[in-house]
J.: 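First, the structure itself, so that you have it in front of you.
From a predicted model like this one, the values you see are computed outputs, not experimental measurements. Every chain is numbered from 1 and lettered A, B, ... according to where its sequence line falls, protein lines coming before strand lines. For the numbers below, each heavy atom of this structure counts, side chains included, while hydrogens, waters and symmetry mates do not.
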Amino acid sequence: MAKAITSREENYSEWYLDIVKKANLAANSAVRGCMVIKPNGFAIWERMQRQLDDMFKETGHVNAYFPLFIPKSFLSREAEHVEGFAKECAVVTHHRLMNDPNGGGVVVDPSAKLEEELIVRPTSETIIWHTFRDWITSYRDLPLLINQWANVVRWELRTRLFLRTSEFLWQEGHTAHATAEEALEEALKIQEVYATFAEEYMAMPVLRGVKTANERFAGAIDTYTIEALMQDGKALQAGTSHNLGQNFAKAFDVKFSNAENQEEYVWASSWGVSTRLVGGLIMTHSDDEGLVLPPKMAPVQVVIVPIPKPSEELNTKAKELMQELKARGIRVTYDDDDKQRPGFKFAENELKGIPIRLGLGKRDLDKGTIEVARRDEKTKESQPLDGIVDHVANLLEEIQQNLFDRAVRFREENSTHVDTFEEFQAAIDRDIPGFVYAHWDGTTETELKIKELTKATIRCIPNDRVEETGSCILSGKPSAGKVVFAKAY
RNA sequence: CGGGGCAUAGCGCAGUCCGGUUAGCGUGCCUGCUUUGGGAGCAGGAGGCCCCAGGUUCGAAUCCUGGUGCCCCGACCA
């Protein structure tokens, strides 16, 4: 068991890191807080990208690319925005290096100081709105629906692979609209796109909700979020979509002429999901044997293992089978390494999260069967080779659904409703705190006080919450409905 | 930004307190033989600026001074 990973029970944090490292998803790099995404990890991100990109295109968005560097002055145009990001920006101050006159290698050339420093984008609203000013003059230019796939940098003090790194990959959508209603609709539409993606493709159930004033994006009117529950009972903000109102249009003076030839400021939205989703995917489904991937997100869905080792006979059959599976659109590989034994390969393929393993041996060929093992439930059974492609195709769907159902069940089992602060405290203090629904008086003051006392934050006010009168668990003041608290990543 | 830890073979580590031949163990890697339906066994082999710089000493992975880097835990944030 050379590659055994720490169990979740023993140390959840170590378990997560073990999976990331031992499934070869990512590694720490020479740069603090920045990760190297390895081929296995990047393949998952690529699947996310491809699917999301299709969905964005489907909703009328087009891709573009804006610069990595942003003039420092741009960031300060929107007051709340700069306050939100100023503390975590990387700043470029010089543009040239020179040989150290003292022989210490290269040093920054002091004569190459920039007139205006550049910041490395922590998000691109400012540079994009500066550009949109040139793109928009008339209501006929609207709506403008732009997305970009990019890297961003936020100088994080505490990082974890995928979940929070100083540099990360993401997509950021930026849209401009003629009316407030349209901008709001756009923000909500994207929230639903994100939720659909999370649930149908990642098999990760999410709560759809709106952030409190305290938790919203710096510069937004409202932030819509999807929140997932991880296996340790902590919430993960998996995607956000912002209604920016006219805040950035005003800051960057972006106006359009409406049909009556009157000038108005443009209405905006922005939204993003990042490589953090890979972390969420890992923590939603994986177990103590390693990574578990839902079939739709698995770079490899089926692996065929020759037993006990490759032979001409087995290779021929396996390749034939691969062709049939590929023809059905199934991503399949053949593990024809003749050095490792089957047991090793089983463990290795489980660690990597491949949803289905097909074990093919001499006995199978004689009997016309094949061994089908599913990663999610760790069961295996012998199946007739005849009709195996249909069986595998159906099983992939079943696994996808099973993982989602399992995650929904976990979330339900770990969601509680409380009415008093004592109940609240007890719920949050459990080993798996989960989502805790409670009344809140709507003030930032109370929210912060609760956070100080319990470390729990308001994840969202659910879109589908039932309106009911109640009293705040802390202040006792009236509340119009329960909000969702949790400890969060 | 505080607190702690670590830096020695691809990876994981011991050795450092108490300086001393050729720096060691596990794993991985290479070769060969035997094995082979759940992480194989034996034999042989390759692989090291012991984080960097200075100092002490006949002699430094080890002691002293000064750096650098990364990780983990908290506070802040996607």
J.: Any N or O donor-acceptor pair under 3.5 Å from the base of B:rG39 to the side chain of A:E348?
T.: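 When only heavy-atom distances are counted, A:E348 does reach the base of B:rG39 through a donor-acceptor pair under 3.5 Å.
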
J.: Cut-off 3.5 Å, side chains only: do A:D53 and A:N63 have a donor facing an acceptor?
T.: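 A donor-acceptor contact under 3.5 Å links the two side chains.
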
J.: For a quick check under 3.5 Å, do A:Q148 and A:S124 share a side-chain donor-acceptor pair by atom type?
T.: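 On atom types as modelled, these side chains qualify, holding a pair under 3.5 Å.
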
J.: Nearest whole angstrom, please: distance from the C1' of B:rA78 to the CG of A:L169.
T.: 14 Å

J.: Mark yes or no for a side-chain to base donor-acceptor pair under 3.5 Å between A:R164 and B:rC77, with no hydrogen or angle criteria applied.
T.: yes

J.: Taking any heavy-atom pair under 4.0 Å as a contact, classify A:R32: base, sugar-phosphate, or nothing.
T.: sugar-phosphate

J.: Please name the nucleotide paired to B:rA53 by Watson-Crick or G-U wobble geometry with both distances under 3.5 Å, or report none.
T.: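 Pair assignment: B:rA53 / B:rU65.
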
J.: Just name whichever nucleotide pairs with B:rC70, Watson-Crick or G-U, keeping both distances under 3.5 Å, else none.
T.: B:rG5

J.: Using the C1' atom as the point on both nucleotides, what is the distance between B:rA78 and B:rG66, in whole Å?
T.: 39 Å

J.: Output the rounded distance in Å from CD (A:E447) to P (B:rC76).
T.: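 It works out to 13 Å between those atoms.
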
J.: Only pairs with both distances under 3.5 Å count, Watson-Crick or wobble alike; so what is the partner of B:rC29 in this structure?
T.: B:rG45

J.: What does A:K451 touch in the nucleic acid at a heavy-atom separation under 4.0 angstrom: a base, only the sugar-phosphate, or nothing?
T.: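 Touches sugar-phosphate only.
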
J.: Within the structure shown, what part of the strands sits under 4.0 Å from A:K362 by heavy-atom distance: base, sugar-phosphate, or nothing?
T.: base

J.: Please find out if less than 6.0 Å separates the ring center of A:F248 from that of A:H174.
T.: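 That pair fails the under 6.0 Å test.
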
J.: Is the closest side-chain donor-acceptor distance between A:T131 and A:W129 under 3.5 Å?
T.: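 Looking only at side-chain atoms, A:W129 and A:T131 do not form any donor-acceptor pair under 3.5 Å.
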
J.: Does the B:rG37 base have a donor-acceptor partner in the side chain of A:K309 within less than 3.5 Å?
T.: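 Absent.
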
J.: Mind checking whether A:W149 and A:F56 have parallel, tilted or perpendicular rings, split at 30° and 60°?
T.: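 If you compare the ring of A:W149 with that of A:F56, the planes turn out tilted.
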
J.: Using a heavy-atom cut-off of under 4.0 Å over every strand shown, decide if A:V273 touches base, sugar-phosphate, or nothing.
T.: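 Answer is nothing: A:V273 stays at 4.0 Å or more from every strand.
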
J.: How is A:L17 classified with respect to the nucleic acid when contacts are heavy atoms under 4.0 Å: base, sugar-phosphate, or nothing?
T.: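 The residue A:L17 makes sugar-phosphate contact but no base contact.
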
J.: Does A:T165 reach a base, just sugar-phosphate, or nothing at all? Heavy atoms under 4.0 Å.
T.: base

J.: Name the residue closer to the 5' end of RNA chain B, choosing between A:E156 and A:N11 according to the nucleotide with the nearest heavy atom.
T.: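 Whichever sits nearer the 5' end wins; that is A:N11.
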
J.: Take atom CZ of A:R121 and atom C1' of B:rA78, then tell me their distance rounded to the nearest Å.
T.: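 Between C1' of B:rA78 and CZ of A:R121: 16 Å.
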
J.: Quantified in whole Å, what is the C1' atom distance between nucleotide B:rC58 and nucleotide B:rC17?
T.: 24 Å

J.: With heavy atoms under 4.0 Å as the rule, sort A:K339 into base, sugar-phosphate or nothing.
T.: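 Sugar-phosphate contact only - A:K339 comes under 4.0 Å of backbone atoms but never of a base.
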
J.: Figure out the NZ/P separation between A:K87 and B:rA78, and round it to whole Å.
T.: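 It is 10 Å, rounded to the nearest whole Å.
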
J.: Grab the CZ-P distance between A:F344 and B:rG41 for me, whole Å please.
T.: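 Taking CZ of A:F344 and P of B:rG41, I get 12 Å after rounding.
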
J.: Below the 4.0 Å mark, does B:rA75 have OP1 or OP2 next to a side-chain nitrogen or oxygen of A:R158?
T.: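 For B:rA75, OP1/OP2 do not have a side-chain N/O of A:R158 under 4.0 Å.
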
J.: Would you kindly give the CD-to-P distance between A:E88 and B:rA75, to the nearest whole Å?
T.: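 After rounding, the gap between these two atoms is 17 Å.
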
J.: Using Watson-Crick or G-U wobble geometry with both distances below 3.5 Å, tell me the partner of B:rU21, or none.
T.: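 Matched B:rU21 with nothing under the 3.5 Å cut-off.
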
J.: So, A:F485 versus A:F424, ring centres under 6.0 angstrom or not?
T.: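 Yes.
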
J.: Answer with yes or no whether A:E350 presents, from its side chain, a donor or acceptor under 3.5 Å of a partner atom in the base of B:rG38.
T.: yes

J.: Look at the side chain of A:Q237 and decide which nucleotide, out of B:rA78, B:rC71, B:rG37, has an atom nearest to it.
T.: B:rA78

J.: Closest-nucleotide mapping onto RNA chain B: is A:N214 or A:C34 further toward the 5' terminus? I mean the 5' end.
T.: A:C34

J.: Students often get this wrong, so: under 4.0 angstrom with heavy atoms, is A:S13 touching a base, only sugar-phosphate, or nothing?
T.: sugar-phosphate

J.: Rounded to whole Å, please give me the gap between CD in A:E227 and P in B:rA78.
T.: 11 Å

J.: Give a yes/no on whether any side-chain N or O of A:N28 is located under 4.0 angstrom from OP1 or OP2 of B:rC71.
T.: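 Answer is yes, contact under 4.0 Å.
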
J.: Classify the nucleic acid contact of A:F217 as base, sugar-phosphate or nothing, counting any heavy atom under 4.0 Å across all strands shown.
T.: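 No contact at all - A:F217 keeps every heavy atom at 4.0 Å or more from the nucleic acid.
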
J.: Is B:rA75 paired to anything, Watson-Crick or G-U wobble with both distances less than 3.5 Å, and if yes, which nucleotide?
T.: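 The answer is none; no pair meets the criterion.
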
J.: My understanding is that a pair needs two contacts under 3.5 Å, Watson-Crick or G-U wobble. By that rule, which nucleotide pairs with B:rA40?
T.: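 Check on B:rA40: paired to B:rU34, both distances under 3.5 Å.
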
J.: Please classify the nucleic acid contact of A:L163 as base, sugar-phosphate, or nothing, using heavy-atom distances under 4.0 Å.
T.: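 It contacts base atoms.
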
J.: NA contact type, A:G33, heavy-atom cut-off 4.0 Å: base, sugar-phosphate, or nothing?
T.: sugar-phosphate

J.: Centroid separation under 6.0 Å, is that true for the rings of A:H242 and A:Y224?
T.: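 Here the rings of A:H242 and A:Y224 have centres that are no less than 6.0 Å from each other.
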
J.: Would you mind classifying the nucleic acid contact of A:R216 as base, sugar-phosphate or nothing, using non-hydrogen atoms under 4.0 angstrom?
T.: nothing

J.: For B:rU65 versus B:rG3, give the span between their C1' atoms, rounded off to a whole number of Å.
T.: 24 Å

J.: Can you confirm whether A:R96 is buried at CZ, in the sense that more than 12 heavy atoms of other residues, nucleotides or ligands lie under 6.0 Å from that atom?
T.: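 Yes, because the 6.0 Å sphere around CZ of A:R96 holds more than 12 heavy atoms from other groups.
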
J.: Does A:Q237 reach the side chain of A:Y489, with side-chain heavy atoms less than 4.5 Å apart?
T.: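 No, their side chains stay 4.5 Å or more apart.
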
J.: Quantified in whole Å, what is the P atom distance between nucleotide B:rC50 and nucleotide B:rA9?
T.: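 Approximately 9 Å lies between the P atom of B:rC50 and that of B:rA9.
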
J.: Categorize A:K455 for me: base, sugar-phosphate, or nothing, with a 4.0 angstrom heavy-atom threshold over every strand shown.
T.: sugar-phosphate

J.: Just compare B:rG39, B:rC1, B:rC77 and give me whichever is closest to any side-chain atom of A:L157.
T.: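 Side chain of A:L157 sits closest to B:rC1.
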
J.: What is the distance, rounded to the nearest whole Å, between atom CD of A:E313 and atom C1' of B:rG37?
T.: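 Atom CD in A:E313 sits about 15 Å away from atom C1' in B:rG37.
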
J.: Taking atom types as they are modelled, is there a donor-acceptor pair under 3.5 Å from the base of B:rG39 to the side chain of A:R341?
T.: no

